[in-house]
Amino acid sequence: MLRGSPERELAAWWEAEAVAATKAQAAKEQVRVDPGAAGEPERKAGEEQPKEPAPAPPCAAEEGDARIPPRPPPTLPVSLAKPEPVSGLCPHGKSRIKGRSCKRSSGQPDEYCSLRPVTVDSSKARTSLDALKISIRQLKWKEFPFGRRLPCDIYWHGVSFHDNDIFSGQVNKFPGMTEMVRKITLSRAVRIMQNLFPEEYNFYPRSWILPDEFQLFVAQVRMVKDGDPSWKPTFIVKPDSGCQGDGIYLIKDPSDIRLSGTLQSRPAVVQEYICKPLLIDKLKFDIRLYVLLKSLEPLEIYIAKDGLSRFCTEPYQEPSPKNLHHIFMHLTNYSLNIHSGNFIHSDSTSTGSKRTFSSILYRLSSKGVDIKKVWSDIISLVIKTVIALTPELKVFYQSDIPAGRPGPTCFQILGFDILLMKNLKPILLEVNANPSMRIEHEQELSPGVFENVPSLVDEEVKVAVIRDTLRLMDPLKKKRESHFPDIYMDRKHRFPPVSERMSSLKLQLSKLSIVRSQLLGKSLASKENPPHSDLAGASQGNANPDAHLPSICLKQVFPKYAKQFNYLRLVDRMANLFIRFLGIKGTMKLGPTGFRTFIRNCKLSSSSLSMAAADILYIDITRRWNSMTVDQRDSGMCLQAFVEAFFYLAQRKFKMLPLHEQVASLIDLCEYHLSLLDEKRLVCGRSGTSSASRLQPSGTPQEAAPPAPPAEGRPQPCTDGAHKVSHSRHTVS
Ligand code: ADP
């Protein structure tokens, strides 16, 4: 339960959305709407851009890639194949108009910048390319399908942050996200939260990490069975690096785990199997929801109002030794079920083996289910999961984009896979860093002959998610808003009385014509400036590119509900401490000196915890974590090891309290001492390491290498805390 029972508040807010979605679904039940009529331009075969020759990606890289063979590159219309006329662009990415340079600092309003369409580099978009293209067209933005020598506003990467080296703009991936949502890392991150807040994080099935926790798994299962012989559990084993159901199997007993030599090379998660899922048409299904992580610092989360429901293709029965191997009964993966003879492709969003989530809600609400409650539980699950992921993401972020160096800002669409239990409680199955954005599916035309055909259900949901993500990230929105404040007003003021609208329209037109004549002069009409030039969006009389678009399908849930969830962000605050003491830019692990500086600056050593004991704590925990993690790039203490050490210190210092209160108290104490220290440093004029310089524009705390320990025995003026005497003899190397 959420603190202060905010579920009601959440539910009230979502009510309007859920009801609207189900109403829309109801309308669709009666009339199937032509997507073209909803403002979506029809796709022309000839407009397809060549896809990057996709090297077979690792399975976890891009969902949906593994089984569908890449299409042969379509032929390219000559006009689109032409490389961008780079020479015609000035350094701000604007067309250079003869005899006129781009004067940003002239003091004149930079009309051109405020009106040009947003530029998107789609050269690395891979399987999301089709949906991205449609989105860009709907927004009247400018696509660069082959990349661009000059910077683009937005880079759309198909797989990871590292798909391309970029130093500015925005990119649709966070560094480290792929690693963070792997089954083992996600399980570890959620487990830390389960230790702190067991009730709040009971939406994730109990999991054990193999091979490390195999003995623990065996022992815990035996213990519960001994206490309750009627307990007949089922477990699901999932390879860490697997996706699309690859390598997954069900077991009834720990001894059934296939340990045969492969576990070491293929670590896995074994998890309690949810035996009583909600069924529709007697079939198990799961929900794919799209979540936009708009920003890490400050945390901003959006959830798409609609998602997809993927159905099994064999009627469900509770697991028994007889049916454990029936993958079409137990696994909802589209990539598996598509190969079942029972898979139903449908052009309707409410029938077939893949449907919209809103169609499911509509069906449930017609049976009297409280869908507001379902939605609010799902929102809670999403926010809590993101809160579990953000601490380590921040560590990755500062390592890849060190503060003070040029780099892009990041956002990312995540795919949340959620199972509804029979009692309607949502369960998190997994998070996908690269949810499939394909809008086509494979169809068997005749035995053995397959063709990719458009999938209306996918297109309806995914194009809206990509388009509206772009709208939310629009880097030029503010400029356009300030240029045309009257057409960017609040939705509720969008349709003022006719008289007002007429005068507003006249104003816009006159502004447009002034801008046009100022900037383009004769050259606008010249043949060198094609209609899709940088001003196309504005000059086509549609200065507000949102005017023809439906309302944004992504709803903000954080910081909107920050008050209800902020108390959960303890590990996030620990990560801020960790990052502060990391020292060298680019590293992800805390060295022994950093750990000692943390202990000293936060005044954690005392008669009961000597610096020597702190050193031993560091060595013990670091060694154990390093033996468990595959990543041996850096030596030192990873964030999870730091969290474990922090828990240990909190438990020692604040006995008798529940763990989360112990940890919160220790964090408060550390933050208090560090703020005193920062003030002291400011007073002493150590501006190089002052708190002001520590907080970077992104808000990510960053500190230069911790100051070297003072020379042994020598008193230091304005040192880093109580320990004015060096302990360098205990330094662990
Ligand atoms: P993958 O990345 O390979 O798709 P998932 O974790 O999504 O792995 O699991 C695949 C499928 O197995 C899910 O779509 C779901 O149908 C089923 N599944 C996974 N975990 C559980 C669970 N704990 N209980 C019940 N079903 C599960």
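The shown structure was predicted, so the numbers you read here are calculated from the model rather than taken from an experiment. Indexing begins at 1, ligand by ligand and atom by atom, following the structure's order.
Under the salt bridge (Lys or Arg N to Asp or Glu O under 4.0 Å) criterion, K284 pairs with no residue, sequence neighbours left out. Scanning for side-chain hydrogen bond (donor to acceptor under 3.5 Å, both in side chains) contacts around Q220 gives W208, with sequence neighbours left out. Taking K276 as the reference, E318 meet the salt bridge (Lys or Arg N to Asp or Glu O under 4.0 Å) condition, with sequence neighbours excluded.
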Between the protein and ligand 1, are there any N or O atom pairs that come within less than 3.5 Å of each other, and if so, what are their names and distances?
{"from": "ligand 1", "atom 1": "2 (O)", "to": "K183", "atom 2": "NZ", "distance (Å)": "2.9"}
{"from": "ligand 1", "atom 1": "2 (O)", "to": "E430", "atom 2": "OE1", "distance (Å)": "3.1"}
{"from": "ligand 1", "atom 1": "2 (O)", "to": "E430", "atom 2": "OE2", "distance (Å)": "2.6"}
{"from": "ligand 1", "atom 1": "3 (O)", "to": "Q244", "atom 2": "N", "distance (Å)": "3.2"}
{"from": "ligand 1", "atom 1": "3 (O)", "to": "G245", "atom 2": "N", "distance (Å)": "2.7"}
{"from": "ligand 1", "atom 1": "4 (O)", "to": "G245", "atom 2": "N", "distance (Å)": "3.4"}
{"from": "ligand 1", "atom 1": "4 (O)", "to": "N333", "atom 2": "ND2", "distance (Å)": "2.6"}
{"from": "ligand 1", "atom 1": "4 (O)", "to": "E430", "atom 2": "OE2", "distance (Å)": "3.4"}
{"from": "ligand 1", "atom 1": "6 (O)", "to": "K238", "atom 2": "NZ", "distance (Å)": "2.7"}
{"from": "ligand 1", "atom 1": "7 (O)", "to": "E430", "atom 2": "OE2", "distance (Å)": "3.1"}
{"from": "ligand 1", "atom 1": "14 (O)", "to": "D286", "atom 2": "OD2", "distance (Å)": "3.4"}
{"from": "ligand 1", "atom 1": "14 (O)", "to": "T332", "atom 2": "OG1", "distance (Å)": "2.7"}
{"from": "ligand 1", "atom 1": "16 (O)", "to": "T332", "atom 2": "N", "distance (Å)": "2.9"}
{"from": "ligand 1", "atom 1": "16 (O)", "to": "T332", "atom 2": "OG1", "distance (Å)": "2.6"}
{"from": "ligand 1", "atom 1": "20 (N)", "to": "K238", "atom 2": "NZ", "distance (Å)": "3.0"}
{"from": "ligand 1", "atom 1": "23 (N)", "to": "Q271", "atom 2": "OE1", "distance (Å)": "3.0"}
{"from": "ligand 1", "atom 1": "23 (N)", "to": "E272", "atom 2": "O", "distance (Å)": "3.0"}
{"from": "ligand 1", "atom 1": "24 (N)", "to": "I274", "atom 2": "N", "distance (Å)": "2.9"}
{"from": "ligand 1", "atom 1": "26 (N)", "to": "K284", "atom 2": "NZ", "distance (Å)": "2.9"}

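Residues F328 and H326 keep their aromatic ring centres 6.0 Å or farther apart. For an aromatic pair to be called close, the ring centres must be under 6.0 Å apart, and W375 with F357 satisfies this. Aromatic ring centres of H441 and Y334: separated by at least 6.0 Å.
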